[in-house]
Structure formats: structure tokens, C-alpha cells
Amino acid sequence: MSKTITFNELRRLKDSLPDGATHQIADRLNTTVQTVRNYFGGSNYEFGKNCGVHIEPGPDGGIVVLDDTTIYDMAVEILQEAEKNQN
């Protein structure tokens, strides 16, 4: 299922993740860390792959359409766990 958010929302999610979260996601999905970084707006395709992220110019950094929300959902889950453990 696809999801549409702003680029700045996607970056805020990535920036909110605890240390090591991108490595954790990459390990769970058996992919490279750079592929996970590319999902969050990186552009190093020599060491990572495109993950079905489409960015269009617009307000708030532009519009992002995520073809597959697996990485997004995992990031939200990790963030929720980290917040729960802080309380």
C-alpha cells in the first residue's frame, strides 16, 4: 500500500530514530544500510537501491509517495518502542 507524506515529515521521522535504527531496519530486511538511507531521502545508488520513493517539488520540502511502506512502518515501530522505553 502506498503512502503520501511531505519530504520534511519523512526526514523528521528519520532524524527522530535512535542510533542504530537504520542498521536494525537493514538487518531485518536483509538489505544495505544505504538502501534504507536512500528511502529516507539519500541518493547513493552505487551502494544502495531505490526503494520506490518518488519525490515531487512542492511545499514543506515536496511531496513523497512511498510505494512500499515497510521501512516507514518499521521506523515508526522503532520510534514508538523507544518512546515507550523512555517513560
Side-chain angles (χ1 to χ4, degrees):
M1 172 172 250
S2 66
K3 179 173 185 68
T4 302
I5 61 173
T6 67
F7 182 76
N8 288 345
E9 287 175 307
L10 185 65
R11 293 300 292 184
R12 276 192 292 275
L13 174 61
K14 185 237 178 236
D15 292 342
S16 298
L17 291 171
D19 289 341
T22 53
H23 290 273
Q24 182 181 352
I25 292 169
D27 289 346
R28 286 174 57 188
L29 295 176
N30 197 29
T31 191
T32 65
V33 173
Q34 191 57 52
T35 297
V36 176
R37 288 182 182 141
N38 289 347
Y39 187 88
F40 287 110
S43 59
N44 184 339
Y45 298 107
E46 183 177 342
F47 298 106
K49 297 178 181 171
N50 183 330
C51 295
V53 175
H54 310 281
I55 302 172
E56 307 232 355
D60 206 16
I63 302 300
V64 178
V65 178
L66 306 171
D67 291 341
D68 182 346
T69 62
T70 303
I71 292 174
Y72 178 89
D73 294 338
M74 291 175 83
V76 169
E77 181 182 309
I78 289 169
L79 189 56
Q80 289 172 342
E81 277 295 315
E83 289 173 355
K84 185 172 32 170
N85 290 336
Q86 286 180 349
N87 294 329

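Along the sequence shown, residues are numbered consecutively beginning with 1.
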S.K.: Determine whether a donor-acceptor pair (N or O, by modelled atom type, separation under 3.5 Å) exists between the side chain of Thr32 and the backbone of Thr35.
M.R.: yes
S.K.: Under a 4.0 Å N-O cut-off, is there an ion pair linking Glu77 with Arg28?
M.R.: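 Salt bridge present between Glu77 and Arg28.
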S.K.: Is there a path of hydrophobic side-chain contacts, each under 4.5 Å between heavy atoms, that joins Met74 and Val33?
M.R.: no
S.K.: Indicate the atoms forming the closest heavy-atom contact of Val65 with Ser2, along with that distance.
M.R.: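 Distance-wise, the nearest heavy atoms are CG1-CB, 4.5 Å.
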S.K.: Enter the distance from Gln24:CD to Asp19:CG here, rounded to the nearest 0.5 Å.
M.R.: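 Interatomic distance, Gln24 CD to Asp19 CG, rounded to 0.5 Å: 12.0 Å.
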S.K.: Go through the steps to decide whether Phe40 and Asp15 satisfy the test side-chain contact (heavy atoms from CB on, under 4.5 Å), and finish with yes or no.
M.R.: CA-CA 9 Å; Phe40 287 110; Asp15 292 342; over 6 Å; no
S.K.: So how far is it from Tyr39 OH to Thr69 OG1, rounded to the nearest 0.5 Å?
M.R.: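 Between Tyr39 OH and Thr69 OG1, I get 6.0 Å after rounding to 0.5 Å.
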S.K.: Would you say Tyr72 ends up clustered with Ile63 if hydrophobic residues are merged whenever their side chains have heavy atoms under 4.5 Å apart, either directly or through other cluster members?
M.R.: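 No, Ile63 and Tyr72 fall in different hydrophobic clusters.
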S.K.: Are Leu66 and Leu17 co-members of a hydrophobic cluster defined by side-chain heavy atoms under 4.5 Å apart?
M.R.: yes
S.K.: What is the minimum heavy-atom distance between Val64 and Thr6, and which atoms define it?
M.R.: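 Minimum heavy-atom contact is CG2-C, 4.0 Å.
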S.K.: How far does CD1 of Ile25 sit from CD1 of Ile78, to the nearest 0.5 angstrom?
M.R.: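 Reported to 0.5 Å precision, the distance equals 4.0 Å.
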S.K.: Between Thr70 and Asp68, what is the shortest heavy-atom contact and its length?
M.R.: OG1-OD1, 2.6 Å
S.K.: Would you find more than 12 non-hydrogen atoms of other residues, nucleotides or ligands less than 6.0 Å from Asp60 atom CG?
M.R.: yes
S.K.: Should Glu9 and Arg12 count as an ion pair when the cut-off is N to O under 4.0 Å?
M.R.: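 Not counted as a salt bridge, because no side-chain N and carboxylate O are separated by less than 4.0 Å.
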